[in-house]
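Basis for what follows: all heavy atoms, side chains included, without hydrogens, waters or symmetry-related copies. Chain letters run A, B, ... following the sequence lines, proteins first, then strands; residues in each count from 1.
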Amino acid sequence: MKKIKNISGITHFSLTELLGPALILIVFSCLIGFSSASLMLTVQLALCYFVMVLALQVFVGNSGVLSFGHGAFAMLGAFVSGLLTAPVRIKNNALSMTDLLQSIADIQVNLYLSLLIAAIVGGVVAGITGVFLMRLNGLAAGIATFALLGVAYNFFFNNTKFGPGSQALPGVPKFQNLFIPLLLALLALVLVYLLNVSSIGRTLRATREDNLAAPALGINIIRVRRIAFALSGALAGLAGAMYSHVAGTVQVQDYYLGFTFLTLSMLVIGGSGSIWGALVGTLLVISVGQVLLMMEQGKAIFGLSIDLPNGARAIFIAATLVVALLWRSSGVTNGKEFAFPNFKKKSN
Amino acid sequence: MSLLEINDLYSGYGKVEVLFGISFKIEPGKSLGIVGPNGVGKSTLLKTIVGEIQPKSGSIKLGGTEIKGKNPEDIVRLGLCLVPEGRQIFGGLSVTENLQLGLTGRKDKSTSKKALDKVKEIFPVLTSHAKHQAGMLSGGQQQQLAIARAIIADPRILLLDEPSLGLSPTVIKDVFDQLKSIISNGTSVVIVEQRAHLVTSFADETLIMRNGKIQARITPEDAKDELKLKHAYFGSDN
């Protein structure tokens, strides 16, 4: 731990803050994931969402600048990884892929390499777009990043040279077990925590607190935001790629408005200021969402059967977001990192 | 060569002109006061020097180098730091994190730890509150944190905008004692204040501003003459 503290710029490294969320993630994944095949799929999806929420936490949480554009990087990551891993035979014969560029149809790499490439592509595109977008603040930044999401969606939806267009890309290899997505989520967790306690994380939080005072200390706001945007774009690319290997397919609609709204809700409900908030938000929304889904499907939960109309899940999540914003705008965790509860009584 | 040299500076906000031909110099290890009633352009002058406002004309030289037109973050790296009015500390971050942010503008990163230890020595109260949120500190402690954060960048010249604002007389004395210690280490200090007595007795020279111009320059000796000080501050009609 002392060695980590000695790395330039890194301070406040706390093993509890890192190990707490990591252990909870492992226990949650194993307990729920191994109970049934359908819940294994739910946990795999939760892990993808968690990596995406971490990506949002790095940038949105630390800088306070709203971004609707991270879905574009996830979309890009999903298409890159999906197209790189889908079998050549399927890409050359599927009805939805007749216009696909031959150079893309003929390429196939292994799953791990494709995940790495997806993250790199997400990071590079975020780095390039960040040059322009990171000059903006507040509403302008929100609208511009939303436009980026719109551009990415329309590009992939209407272009059949670089993917299946509005159709689904079939044959994307699925994760065979829980361990790979869990390992990737843990890796993302460690990376984001180290970034948050580094000088980059600290500087970003300073720009969120007061973007007029920050330059007076020699902080180049645009530069530090660009770095964070590129890093979070890489994580979003990884999250999108993971999602495609859980679903076994890539469909552009999966990474558009619903995905963006859901992952931002997770971040806000949990608390955007910490990785602990990202985890709590993801687990809460996924768990409640799963229960509501079962109710929508008319399934009994612990012997109790409550029928909910279709769409109740989305309404509930939206309502929870509104309540969270009104009641506790800094989220359930109040934006704080994990800490063991202090049961010691105060001495008089 | 003077450390900071301002020549015939005109500045303002858009079409509104605030400063009219300001000129002054400050030497290394010296202190300069700038006083005047509200709205005479004191803060505008500081904001123009640190690059937050671009001047209309004139020159601002730091160690002989023209800094007019440079970004605030580049000016900090050249050794000119501002402690703004209202402190502008990062209330949601800890005291230690606030201090570490001061290292951003420091040229020599190899001595960062030494610099952190040094400011904790000058401002011992910050050590005992190291892990606390900066927003939870008292006004005086926040002012000390803002000054400490600025001097961590190892500036050649430190600019302070109303450092006594909202502080009790005892805390003001503590802050000014600490400023003396900073000056004795070779850093030049420019203090902008409304409280003329506080600065005129402290600074090597004090400029009195009215209507965007320098009306008088007084030494601590001159300041002992109450009438002279009043005339300089309010104008000879008062």
Could you tell me which non-hydrogen atom of B/Ser31 sits nearest to which non-hydrogen atom of B/Asp204, and how far apart they are? N-OD2, 2.8 Å
When B/Pro84, B/Ala153, B/Gly92 are compared by non-hydrogen pairs under 4.5 Å with chain A, the top option: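 With the most close heavy-atom pairs to chain A, the winner is B/Gly92.
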Does B/Lys118 have more than 12 heavy atoms from other residues, nucleotides or ligands lying within 6.0 Å of its NZ? no
Tell me, side chain or backbone of B/Ser94 under 4.5 Å from chain A's heavy atoms, or both, or neither?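 Interface part for B/Ser94: side chain.
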Tell me, with the steps shown, if A/Tyr193 and A/Phe13 meet ring pair (Phe, Tyr, Trp, His ring centres under 6.0 Å). CA-CA 9 Å; A/Tyr193 181 72; A/Phe13 179 84; 5.7 Å; yes
Backbone N or O of B/Val125 within a donor-acceptor pair of the B/Ser128 side chain at under 3.5 Å? yes
Suppose a student defines contact as a heavy atom less than 4.5 Å from any heavy atom of chain B. Which residues in residues 135-145 of chain A would they list? none
Evaluate the side-chain proximity of B/Glu27 to B/Ser2: yes if any heavy-atom separation is below 4.5 Å, no if none is.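 Answer yes - side chains close enough.
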So do the side chains of B/Leu80 and B/Arg156 get within less than 4.5 Å of each other, counting heavy atoms only? no
Working to the nearest 0.5 Å, report the span between CD of B/Gln143 and CD1 of B/Ile172. 9.5 Å
Between B/Gln144 and B/Asp174, do the side chains contain a donor N or O and an acceptor N or O under 3.5 Å apart?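 Absent: no donor and acceptor within the cut-off.
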B/Arg77 versus B/Thr104, side-chain donor and acceptor atoms under 3.5 Å: no
Determine whether B/Glu193 and B/Lys42 satisfy the following criterion, salt bridge (Lys or Arg N to Asp or Glu O under 4.0 Å), listing intermediate values before the conclusion. CA-CA 8 Å; B/Glu193 268 289 351; B/Lys42 304 187 296 295; over 6 Å; no
Under a 4.5 Å heavy-atom criterion, the part of residues 175-188 of chain B in contact with chain A comprises none
